[in-house]
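Following: one structure in structure tokens, then a few remarks.
The structure presented is a predicted model; accordingly, all values stated were derived computationally and were not measured.
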Amino acid sequence: MALVAAGTKSVELSVPSRSEYVAVVRLVVASLATGTRNLAADRIDDLKLAVSEACTNAIEANRKAGLDAPVIASCWEAPERLEVCIADSGTGFEPSTLSAHPEVSDPERLNFERGLGIPLIRSLVDDLRFESTPQGTKVWMTMFGGPDSGDATTEIVRTVVERD
Amino acid sequence: MALVAAGTKSVELSVPSRSEYVAVVRLVVASLATGTRNLAADRIDDLKLAVSEACTNAIEANRKAGLDAPVIASCWEAPERLEVCIADSGTGFEPSTLSAHPEVSDPERLNFERGLGIPLIRSLVDDLRFESTPQGTKVWMTMFGGPDSGDATTEIVRTVVERD
Amino acid sequence: MELGLHVDTSNPPFTVIVVRGELDVYSAPRLREALVELVSEGHRKLIADLEGVEFLDSTGLGVLVGGLKRLRSNDGDLSLVCTQARVLKVFDITGLTGVFRISSTLEDALAG
Amino acid sequence: MELGLHVDTSNPPFTVIVVRGELDVYSAPRLREALVELVSEGHRKLIADLEGVEFLDSTGLGVLVGGLKRLRSNDGDLSLVCTQARVLKVFDITGLTGVFRISSTLEDALAG
Ligand SMILES: Nc1ncnc2c1ncn2[C@@H]1O[C@H](COP(=O)(O)OP(=O)(O)O)[C@@H](O)[C@H]1O
Ligand SMILES: Nc1ncnc2c1ncn2[C@@H]1O[C@H](COP(=O)(O)OP(=O)(O)O)[C@@H](O)[C@H]1O
């Protein structure tokens, strides 16, 4: 799957790498998904949560890189999907090497106060792609469901699209 | 008074020149003013309204210029003030030549379905400046009141600052 | 936030149009269409109930002024119901408080 | 949306911390501090009432897990009150539903 977005860019939001601005990013994405799309309320909550996780990681990445760079959220709209990209200027990472979590029954589970973010994003959005280089990371999140389709399409398109 | 903003740029939001996105700009500015400042609720309403008027004009300016350019909202934060700039790529105008409205008692008053925007902005924000060229217009709006000061400062600073 | 429009004809000769949500450049055209349609259908004594309006800017205001003009030129009238400071303020600043009859309750508007 | 934290000690031996608002990377540190303080003051049977939580992400979750660990290692416990689907979903996906005792009402939590 190509790493370029499928739709037309609509909104771009740049905020400082500070935790108090994550709420603004959530707000914008939720308002787009509500106002110009037709996503069900629980899917909008899913998107807000995914965006929040990605922004939290982006702020952390900029901070670790010692950069006063912004976090940039871009939204791309296509008839059947909304794509949100969260970009930072950190030093990047290799998503495939992230260690898996222990099973829920494992007593070790309790040691995981962190490392929950990306697994959460993965289970919340319809498609997730990373574009990570030593110059920065882009996290692309896709939600299916168009302006008119509502959630009927979501399930259909979800089934059709191949996940990798 | 210089045309550059007094504070540090925090948020920049770029939206398509389409009326459905004005609500998103209002939302972002209001959330900034609520979350990271300490403005009273009615002053936040004032700012939302002023931003709405400026965005409506910016969309119209881009449309008239036949451009598919975005409207760009930038926010600058200083300890004692929040500045919001709404920028378009239209052909500009000369704010000082705008005709005044007839008096309220004048029967002509009813003919003014338009031309209410800039007078409204002027009476809502603490300071208003235009930077208009044939390449585009920037409308700078300032609200006094810092993160901690609340509205006490507003009145004080308002009195001190010279309005032109 | 969608604009909600609801037409209530249960109080003849008045027609009440209940407006909810944000009335700005995006949503105002829908109110304009609704007002034009009501006038063309013969409604003459209109009341716009703005109590549920959460945001009103000059574009929304322009549509209300346009509606008032249209009605007056058809021997009708458009009055408003509104108690919200946030909304009343916009009428005040623009000097339109003196142009519209603004009531605090629908009952008052119907009585007038 | 500010985080609201309210400590209620009117049900000994339980201490209830009522959490309101959005629990994310910005606000979670305040909850962490509050939990640390309560433990250091000797509170051992904590109940976090999450009914007023409008948003919870993994940072907020991490603080709750951290609080649970801290209490268990001090012979205490932290249980939760929550019925909101939106919030429960986060516990579900991360497999933490099995780690916390989650009650539907404060009464249930106090009874447990
Ligand atoms: N944008 C990013 N830039 C650099 N590293 C990242 C980024 N996002 C995630 N990571 C890495 O992946 C790890 C796992 O992320 P995540 O699952 O969100 O959990 P957490 O952030 O709580 O550690 C992070 O600790 C970090 O090392
Ligand atoms: N950003 C802008 N670019 C170009 N012209 C503008 C801009 N803003 C305002 N104007 C001009 O000023 C006039 C008055 O604006 P305003 O008071 O907001 O009322 P209205 O937009 O309803 O006409 C507009 O009609 C337009 O000609």
For residues 63-70 of chain B, which side-chain donor-acceptor pairs fall under 3.5 Å, sequence neighbours excluded?
residue	atom	partner	partner atom	Å
B:Arg63	NH2	B:Glu60	OE2	3.3

**Report entry** Heavy-atom pair of closest approach, residues A:Ser10 and B:Pro16
**Finding:** O-CD, 3.2 Å

Query raised in the report: Who are the side-chain hydrogen bond (donor to acceptor under 3.5 Å, both in side chains) partners of A:Ser89, not counting sequence neighbours?
Result: none

Query raised in the report: Any side-chain heavy-atom pair from B:Val11 and A:Leu13 closer than 4.5 angstrom?
Result: yes

Query raised in the report: For B:Val28 and A:Leu27, what are the C-alpha separation, side-chain angles and deciding distance, and is it a side chain to side chain contact (heavy atoms under 4.5 Å, CB included)?
Result: CA-CA 8 Å; B:Val28 168; A:Leu27 203 63; 5.9 Å; no

